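Model, not experiment: these values are computed from the prediction.
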Amino acid sequence: MAARAALLLLLLMAAAAPGPAQGSQGDREPLYRECLSRCERQNCSGAALRHFRARQPLYMGLTGWTCRDECQYECMWLTVRLYQQGGHRVPQFHGKVSAAPWGLGGLGVPPCPLTPPQWPFSRFLFVQEPASALASLLNGLASLVMLLRYRAAVPPAAPTYPTCTAFAWVSLNAWFWSTVFHTRDTALTEKLDYFCASAVILHSVYLCCVRTLGLQRPALISIFRAFLLLFLAGHISYLSLVRFDYGYNLVANAAAGMLTVAWWLRWCLRQGRRLPHVWKCAAAVLLLQALALLELLDFPPLGWVLDAHALWHIGTIPLNVLFYSFLMDDSLYLLKANSDLFKVD
């Protein structure tokens with residue numbers, strides 16, 4: 001409970017961090033800035049603001065869309081249309097850089113990256129990025145279905161049952177916040193999405209360690225678990241209390257992810273002949289890395305909805321099913337192996 005309370009405190013402090021500065025091409029465009037200034041003067045104060053709130057759909061108000069947000073949305077599309085009419089490349093918007101920490105800007109410390117600029121997306125009702133939000137929701141549903149199947153098929157006596165079910169719950173939590181973030185991008189939902197994604201990646205490392213080493217060395221796994229929890233706490237503390245450094249967050253998560261992939265593949269190669277079901281694990285981690293390359297394809301959204309990030313999320317849906325299928329087969333194998341060993345003893 002204390003660890004959960006500390007994590008919640010860190011998340012709330014992150015949400016209260018100072019606002020970032022705008023740093024993308026679309027935001028710097030004089031046309032966009034003039035449009036935004038004019039829209040806010042005409043609609044976002046006094047009687048005009050009351051009129052805006054009176055005619056705003058209830059679902060927009062409940063999901064936090066403000067008058068300024070509406071102005072940003074309308075001015076974004078005005079800028080995009082004019083860029084296209086002039087034959088120019090579609091600009092990106094709402095990228096952010098934060099100031100140097102603790103007032104060190106005057107000492108030459110550069111701004112640190114916070115979030116990369118975003119392509120313009122066509123909003124559906126109150127959903128900011130419809131394709132990514134739907135894909136995240138479907139990933140969460142796939143994880144939930146496979147968790148229920150796992151619990152129905154695998155008895156709690158299986159050696160990896162607690163770790164596998166905990167991994168499923170951590171993943172479900174991450175997909176929930178991913179759905180929320182792509183539905184409504186705010187400072188809080190962004191941080192919750194990033195931090196919960198980091199928790200999944202670190203739990204993946206832990207799951208791999210438990211399966212490959214921890215069953216024979218329980219003391220080792222306890223030490224490793226404590227290390228991962230301390231690392232996660234330090235990671236969140238740094239991003240929350242020092243600076244939200246997008247580049248550092250990306251490198252840290254990528255390093256942990258690559259460690260997990262290499263670890264799983266090495267184990268799969270060694271166990272492939274003895275355990276036929278490990279092909280599912282190898283295929284899942286290899287395909288996941290292949291899908292991650294989609295993040296390098298930076299292109300304007302197709303139909304202003306489907307971008308590379310959404311395609312990545314769509315591709316992970318069947319991989320969730322495949323990996324949980326491996327966990328189910330492997331847990332049943334371990335249960336049978338332990339039962340046979342007990343009979344021999």
request  = Determine yes or no for a side-chain-to-main-chain donor-acceptor pair under 3.5 angstrom, with S171 supplying the side chain and F167 the backbone.
outcome  = yes
inquiry  = Nearest 0.5 angstrom please: L239 CG to K191 NZ, how far?
reply    = 9.0 Å
F126 backbone acceptor or donor facing W65 side chain under 3.5 Å = yes
query = Hey, is the main chain of D245 close enough, under 3.5 Å, to the side chain of N249 for a donor-acceptor pair?
reply = no
task = Let me see the working for S37 and R33 under side chain to side chain donor-acceptor pair (under 3.5 Å), right down to the final yes or no.
result = CA-CA 6 Å; S37 177; R33 298 170 70 88; over 6 Å; no
request  = Look at the side chain of T179 and the backbone N and O of W175, then say whether any donor-acceptor pair between them is shorter than 3.5 Å.
outcome  = yes
query = Atom NE2 of H277 and atom CE of M328: how far apart are they, to the nearest 0.5 Å?
reply = 12.0 Å
message = Please verify the inter-ring angle class for F323 with F326; under 30° counts as parallel, over 60° as perpendicular, anything in between as tilted.
response = tilted
R211 side chain reached by L334 side chain, heavy atoms, under 4.5 Å = yes
message = Using only atom types and a distance under 3.5 Å, with no angle test, would you say the side chain of S325 pairs donor to acceptor with the backbone of V321?
response = no
ask   = Do L125 and Y59 have side chains that get closer than 4.5 Å, going by heavy atoms?
value = yes
request  = Check whether any side-chain heavy atom of L265 sits under 4.5 Å from a side-chain heavy atom of V285, and report yes or no.
outcome  = yes
task = Examine I317 and L322 and state if one hydrophobic cluster contains both, with Ile, Leu, Val, Met, Phe, Trp and Tyr joined whenever side-chain heavy atoms are less than 4.5 Å apart.
result = no
message = I'd like to know if L137 and F181 are part of one continuous hydrophobic network [Ile/Leu/Val/Met/Phe/Trp/Tyr, side-chain heavy atoms within less than 4.5 Å].
response = no
ask   = Do you know which two heavy atoms are closest between L147 and A168, and how far apart they sit?
value = CD1-CB, 3.6 Å
request  = May I ask you to check whether the SG atoms of C44 and C39 are separated by less than 2.5 Å?
outcome  = no
inquiry  = Do L202 and Y206 land in one hydrophobic cluster if side-chain heavy atoms of ILVMFWY residues count as linked below 4.5 Å?
reply    = yes
query = Is F224 close to V205 at the side-chain level, that is, under 4.5 Å between some pair of heavy atoms?
reply = yes
message = Are the side chains of V154 and L335 in contact, using a 4.5 Å heavy-atom criterion?
response = no
ask   = In terms of side-chain heavy atoms, does Q271 have a donor or acceptor partner in R274 at a distance below 3.5 Å?
value = yes
query = Counting distance only, does the side-chain N/O of E70 pair as donor-acceptor with the main-chain N or O of Q56 below 3.5 Å?
reply = no
task = State, with a plain yes or no, whether a side-chain heavy atom of F121 is found less than 4.5 Å away from one of S132.
result = no
message = Check this for me, if you would: do D69 and R184 make a salt bridge, where the nitrogen-to-carboxylate-oxygen distance has to be below 4.0 angstrom?
response = yes
inquiry  = Please check this pair: side chain of T316 against backbone of H313, looking for a donor-acceptor N/O pair closer than 3.5 Å.
reply    = yes
query = To the nearest 0.5 Å, what is the distance between CG (D185) and CD (Q118)?
reply = 6.5 Å
ask   = Out of curiosity, C196 SG to I236 CD1, how far, rounded to the nearest 0.5 Å?
value = 8.0 Å
L172 with Y150, same ILVMFWY side-chain cluster at under 4.5 Å = no
query = Parallel, tilted or perpendicular: which fits the ring planes of H235 and F195, with parallel below 30° and perpendicular above 60°?
reply = perpendicular
inquiry  = Please tell me whether L306 and L134 are part of a single hydrophobic cluster in this structure, the criterion being side-chain heavy atoms less than 4.5 Å apart.
reply    = no
request  = Starting at OG1 of T212, measure out to CZ of R217 and round the result to the nearest 0.5 Å.
outcome  = 9.0 Å
query = Got a sec, which residues hit ring-ring contact (aromatic ring centres under 6.0 Å, His included) with W304, two or more places apart in sequence or on another chain?
reply = W77
Flag side-chain contact, heavy atom, 4.5 Å: L213 against I221 = no
query = Under the 3.5 angstrom rule, does the side chain of S240 hit a backbone N or O of S237 as a donor-acceptor pair?
reply = no
request  = Identify which one of Y83, Y73, F93 satisfies the ring-ring contact (aromatic ring centres under 6.0 Å, His included) criterion when paired with Y32.
outcome  = F93
Note, E40 side chain near L36 side chain (heavy atom, < 4.5 Å) = yes
ask   = Distance-only, no hydrogens or angles: does the T160 side chain make a donor-acceptor pair with backbone N or O of T163 under 3.5 Å?
value = no
inquiry  = Using only atom types and a distance under 3.5 Å, with no angle test, would you say the side chain of T189 pairs donor to acceptor with the backbone of V180?
reply    = no
query = Once you round to the nearest 0.5 Å, how far does CZ of F52 lie from OG of S45?
reply = 12.5 Å
Which residues share a salt bridge (Lys or Arg N to Asp or Glu O under 4.0 Å) with E34, sequence neighbours left out = R38
